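Only one structure is covered here, and it is reproduced in the block below.
This is a predicted model, so every value here is computed, not measured.
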Amino acid sequence: MYGFNFKGNQKKIRESWENFMTDGIIDEKLSPYITQSWLDSKQQNIDPFLSKIPVDSKKFESYLNSNNLFVNIAEETIEQLKIYLESSSSIIELFNSEAMLLAISGDSTIIEQMENIDNIPGSIINQKTMGTNAISLALSHNKPIFVSGAEHFNTMYHDISCFAIPIHNTRNNKILGVLDVTGPKEIFTSHTFGLVQASVSAIERKIEKHNLKQDSILLDYYISQLSQGANSILAININEQIIRCSEKISSFLGPSSKDWVGHSVTALALPNLKKYMKLNEEEIEYYDTLPNGIDTRIVINRISLKGIFIGWIIKFYSVGSKTDKFKTVKASTFAELIGNSPPFQKAVQKAKQVSLSHANILILGETGTGKEMFARAIHQTSQRFAKPFVTVNCGAIPKDLIGSELFGYEEGAFSGAKKGGQKGKFELANEGTIFLDEVGELPLEHQVYLLRVLQEREIYRLGGKNPIRVDVRVIAATNVDLLEAVSNGRFREDLYFRLNVVNLRLPSLNERGKDDIIRLVNYFVTIYNRQEQKKTSFTKEALEYLGSYPWRGNVRELENSIYRLVVLATEEQITLENITDVLDNYKKNTETPLVELGEVLTINEVERKEILRALHYYNGNLTKAAKELQISRATLYRKIEKYNITKDKIIK
């Protein structure tokens with residue numbers, strides 16, 4: 001089971017190590033794991049006297065950003081194990097599947113000593129960097145491994161012993177990482193081995209429990225979509241396993257008798273699906289053909305809860321087939337735009353009219369008015385509906401990545417560029433529609449490249465020499481006054497006219513009036529009742545209050561507020577008192593009048609006050625303020641600079 005034969009004679013192990021190093025002699029009493037690893041280490045020219053462990057801080061930070069949950073779950077168990085190993089001069093370490101140290105706990109004196117050799121989070125302790133060690137052996141052999149003293153290839157470990165056990169995702173048996181106990185040989189008894197194994201089992205159970213919880217939430221989204229008419233649909237969890245498959249789509253993905261639940265997404269005969277799933281977009285559409293020859297539009301939604309990604313909902317819409325057996329309800333996104341008020345219906349009718357053309361469209365409106373929903377409705381009604389719809393938030397892309405994000409790059413264009421290069425958003429949207437949200441936030445120096453695409457219908461990848469033709473309809477959106485930006489020199493006039501072939505202004509929620517607000521309230525409470533498995537409703541007084549409330553964040557603020565009220569509801573009836581407790585708590589802390597000395601403020605003045613209000617409320621916390629304002633941190637930084645907001649105006 002474990003990688004050792006010497007059970008106590010460290011002197012003999014040391015002699016075996018010296019004989020191997022000087023004369024290449026292999027002691028036959030050595031474990032075959034150790035023997036092979038020593039041979040590999042020598043062949044790889046690893047320095048056995050290396051005094052520092054290599055550290056990759058950037059890789060460590062990147063890993064934590066996407067795998068923090070695994071670390072948090074494991075650390076809870078590590079703290080419990082630490083109690084049992086107190087006063088044993090040992091440490092407990094958590095590694096990922098690439099032998100990178102993620103967390104360390106235990107004897108503070110030993111931790112300090114290990115820091116002297118750079119044994120810190122981010123250090124890489126694999127075969128290629130350190131030679132023979134328990135962590136790399138446990139990963140490569142996928143089993144518990146014990147390495148004692150001079151069995152380690154490197155001399156820095158000759159005074160310690162290590163016991164490492166792989167941690168698995170029990171659903172697919174993939175290795176998530178390794179739990180390792182390091183300390184003097186004397187602490188390692190059958191009791192110690194049992195404790196470590198029990199700790200690993202506890203971590204695996206907790207991970208599976210969390211996965212089940214995420215699956216349950218994902219199923220709520222699945223059921224919600226079914227109830228809205230999307231009856232050809234899949235739910236796929238973070239392990240890329242199908243957890244639910246509707247009857248209507250099941251037989252069209254393969255043999256009619258096949259039960260797809262539990263299968264990996266790779267089992268589907270849709271080679272492009274996994275590629276598109278990897279794109280970090282909330283929603284992306286593409287065109288494909290199912291195994292039985294049905295031409296299909298596939299819509300992929302990435303589902304997240306409180307910022308944590310939990311899986312995908314995949315919807316299929318038939319766009320023509322060799323048989324008429326496959327019938328799906330084509331989602332009419334214009335029909336899903338809820339509202340009967342004259343200003344809203346005027347916007348809907350104009351959007352329907354322009355959707356039939358190929359003209360570029362500029363959508364204007366305050367934050368949260370539904371600009372992206374209108375863009376999707378236009379795309380779906382257009383002749384391009386079977387082709388991709390790609391969204392780009394121009395305000396959320398770091399300045400130095402805008403070029404590669406929009407236009408892609410060639411292999412070798414810069415350090416770290418992917419082999420074979422990568423397509424940009426315009427290439428992904430070819431023959432379809434690209435939605436450029438917050439286009440007013442696009443830096444001036446990058447606007448000329450967008451202008452070239454609109455004029456020439458071709459792009460150059462970063463590092464590329466040859467033009468690539470693209471046929472893309474552009475729908476842009478902004479909540480800022482672009483004409484003012486043009487006059488201030490922050491936006492190119494020629495680009496403005498290229499984008500503004502047709503403009504579509506969306507009314508604010510307050511312009512739409514009480515009846516539209518109440519319609520939306522009833523819609524959202526139905527959706528979130530289903531999701532949260534509740535049966536809440538609003539009293540007449542509560543609906544009247546919501547219908548008259550100043551929704552500065554428009555539909556987005558309204559939806560978030562209804563969700564919050566449904567979640568917090570303890571009774572089936574949500575009363576006026578319940579609403580004021582939740583909504584007015586924020587309002588009284590943030591509200592300032594939008595009219596001063598009888599003069600109505602400009603859009604920029606209102607925006608500046610909203611930013612100051614949010615920053616003041618969150619005491620200068622930019623992340624929380626940006627989230628409340630429904631903009632990216634990058635956009636918030638730019639607006640702080642634009643409005644000359646200083647620190648003394650932010651911190652209480």
State which residues pass side-chain contact (heavy atoms from CB on, under 4.5 Å) with Ala375; sequence neighbours excluded, sorted by chain then number.
->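 By the side-chain contact (heavy atoms from CB on, under 4.5 Å) rule, Ala375 matches Ile363, Phe389, Phe435, Ile475.
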
[X] vs [Y] side-chain heavy atoms within contact, under 4.5 Å:
| X | Y | result |
| --- | --- | --- |
| Ile361 | Leu499 | no |
| Leu444 | Phe491 | no |
| Val555 | Arg512 | yes |
| Leu482 | Glu484 | no |
| Glu372 | Thr391 | yes |
| Trp551 | Ser561 | yes |

Electrostatic pair [X]-[Y], nearest N-O below 4.0 angstrom:
| X | Y | answer |
| --- | --- | --- |
| Arg505 | Glu511 | yes |
| Asp471 | Lys387 | no |
| Lys514 | Glu544 | yes |
| Glu410 | Lys465 | no |

Can you name the one residue among Asn510, Asn479, Asn554 that meets side-chain hydrogen bond (donor to acceptor under 3.5 Å, both in side chains) with Glu366?
->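 Checked Asn510, Asn479, Asn554 against Glu366; only one passes side-chain hydrogen bond (donor to acceptor under 3.5 Å, both in side chains): Asn554.
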
Tell me whether the count of non-hydrogen atoms from other residues, nucleotides or ligands lying under 6.0 Å of [atom1] in [X] goes above 12.
| X | atom1 | result |
| --- | --- | --- |
| Glu456 | CD | yes |
| Glu577 | CD | no |
| Lys534 | NZ | yes |
| Lys350 | NZ | yes |
| Glu493 | CD | no |
| Tyr563 | OH | yes |

List the steps, then state whether side-chain contact (heavy atoms from CB on, under 4.5 Å) holds for Arg519 with Asp515.
-> CA-CA 6 Å; Arg519 284 188 185 93; Asp515 289 343; 3.6 Å; yes

Does a donor on one side chain and an acceptor on the other come within less than 3.5 Å for [X] and [Y]?
| X | Y | result |
| --- | --- | --- |
| Gln422 | Ser404 | no |
| Tyr63 | Glu98 | no |
| Ser355 | Arg473 | no |

Hey, what's the ring geometry for Trp312 with Phe309, parallel, tilted or perpendicular (30° and 60° as the breaks)?
->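 Correct class here is perpendicular.
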
For Glu240, check side chain to side chain donor-acceptor pair (under 3.5 Å) against everything at least two apart and list the hits.
->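 Glu240 satisfies side chain to side chain donor-acceptor pair (under 3.5 Å) with Lys274, Lys278 once adjacent residues are dropped.
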
Step by step, would you call Asp118 with Ser123 a side chain to side chain donor-acceptor pair (under 3.5 Å)?
-> CA-CA 7 Å; Asp118 282 349; Ser123 60; over 6 Å; no

Regarding Arg461 and the six-membered ring of Tyr409, is the cationic atom NZ or CZ under 6.0 Å from the ring centre and inside 45° of its axis?
->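 The answer is no, since Arg461 fails at least one limit relative to Tyr409.
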
Side chain to side chain contact (heavy atoms under 4.5 Å, CB included) partner of Leu546, chosen from Ile562, Ile574, Leu576 =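 For Leu546, the side chain to side chain contact (heavy atoms under 4.5 Å, CB included) check succeeds only for Ile562.
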
Sub-6.0 Å ring centroid separation between Phe407 and Phe426 |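 Aromatic pair counts; centres sit under 6.0 Å.
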
Would you please test Ile124 and Val55 for side-chain contact (heavy atoms from CB on, under 4.5 Å) and show each step?
-> CA-CA 6 Å; Ile124 311 295; Val55 178; over 6 Å; no

